[in-house]
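In what follows, chains carry the letters A, B, and so on, assigned in the order in which the sequence lines appear, proteins first and then strands, with residues in each chain numbered from 1. Model, not experiment: these values are computed from the prediction.
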Number of protein chains: 2
Amino acid sequence: MIYSKWTSPVLWCLLHDGRLRFGELRVRLPRVTAKMLTQRLRQLERDGFVTRTHFDEVPPRVEYEATDLARSLAPVFTTLGEWSRRHFAEVEAARAAYKGPLVS
Amino acid sequence: MIYSKWTSPVLWCLLHDGRLRFGELRVRLPRVTAKMLTQRLRQLERDGFVTRTHFDEVPPRVEYEATDLARSLAPVFTTLGEWSRRHFAEVEAARAAYKGPLVS
DNA sequence: CAGCATCCACGAAGATACTG
DNA sequence: CAGTATCTTCGTGGATGCTG
């Protein structure tokens, strides 16, 4: 999950704002393409993190919602965020002080 | 960090087993190539997570060790591990039950 | 509106050969 | 032993066009 670029942002939106339509997610994540958004949502659905509800209307409406399994990730997000707030400045300091060969 | 394939495994070895030589890391991570191991170690050094100690001997000896900054990541590893132990079975169950289109 | 199909760009990673 | 150099492979992600 973490390894894919847009999974966390998508999940974050659904955890934070509740049930959302495809287009509403696009508004919240202006840089994501429709293709990638679809791919990530399918994967999240397959893995049990979101539910997809399709309404047979015109124009079409599809809503996505985070599951309890997704909500169980809250401590992971919290711990990562805490670490970042407390320690990321040290990373930046190390980078500024680094004198060795450039990292590819 | 998480986004790169070998960063976590390398860091895990150094946090778990202490100071290690380049070759000792290769033994613990048999699938990593020397090139990638070097790249990740350089990046970890640049970002302040490991120290590199070079001994001017023949044959050469280089030792890597996790810093306090690396050790500060312990809660992140713990939380992720806890989540996995408690919930990964649910992901596998969701995958087994999934009937939709295959995810690229 | 919510997508799918197609093609393309790019960077991480792998394979292999060589070296101080 | 601990790398470096070079080439190739692979997969994510981006851009564009089309459709029920």
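OP1 or OP2 of dG3(C) sits under 4.0 Å from a side-chain N or O of Arg42(A). For Ser4(B) and dA13(C), the shortest distance from a side-chain N or O to OP1 or OP2 is below 4.0 Å. Taking 4.0 angstrom as the limit, Tyr64(B) places a side-chain polar atom (N or O) nearer than this to OP1 or OP2 of dG3(D). Taking side-chain N and O atoms only, Arg40(B) has a distance below 4.0 Å to OP1 or OP2 of dA13(C). Here Arg31(A) does not reach the OP1 or OP2 of dA15(D): none of its side-chain N or O atoms lies under 4.0 Å away. Considering only side-chain N and O atoms, Arg52(A) lies under 4.0 angstrom from the phosphate OP1 or OP2 of dG3(C). The phosphate of dA13(C) has neither OP1 nor OP2 within less than 4.0 Å of any side-chain N or O from Tyr3(B).
Within 4.0 Å of Arg21(A), counting heavy atoms only, lie sugar-phosphate atoms of the nucleic acid but no base atom.
By the 4.5 Å heavy-atom criterion applied to side chains, Arg42(B) and Glu45(B) are counted as neighbours.
Taking every side-chain heavy atom of Phe22(A) into account, dG3(C) is the closest of dG3(C), dC1(C), dA2(D). Nearest to the side chain of Thr33(A), among dA13(C), dA15(D), dT4(D), sits dA15(D). In the set dC1(D), dT4(D), dA13(C), dT4(D) carries the atom at the smallest distance from any side-chain atom of Thr38(B).
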Worksheet item: Can you check side-chain hydrogen bond (donor to acceptor under 3.5 Å, both in side chains) on Thr53(A) and Glu65(A), steps first, answer last?
Response: CA-CA 8 Å; Thr53(A) 311; Glu65(A) 188 172 19; over 6 Å; no
Fill in: Residue pair Arg95(B), Glu92(B): steps toward the salt bridge (charged side-chain N to carboxylate O under 4.0 Å, His left out) verdict
CA-CA 5 Å; Arg95(B) 285 180 182 172; Glu92(B) 291 183 312; over 6 Å; no
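Distance, Met36(A) CE to dT16(D) C1': 16 Å, rounded to whole Å. The distance between atom CG of Leu20(A) and atom P of dC1(C), rounded to the nearest whole Å, is 16 Å. Atom NE2 of His54(A) is separated from atom C1' of dC1(C) by 10 Å (rounded to the nearest Å).
Side-chain atoms of Lys35(B) come within donor-acceptor range of the base of dG14(C), with a qualifying N/O pair under 3.5 Å.
Tested against Val76(A), the residues Thr79(A), Thr78(A), Leu80(A) include a single side chain to side chain contact (heavy atoms under 4.5 Å, CB included) partner, Leu80(A).
Heavy atoms from other residues, nucleotides or ligands lying under 6.0 Å from NE2 of His16(A) number 12 at most.
Of the residues near DNA chain C, Arg26(A) and Gln39(B), the one whose nearest nucleotide (by heavy atom distance) lies more toward the 5' end is Arg26(A).
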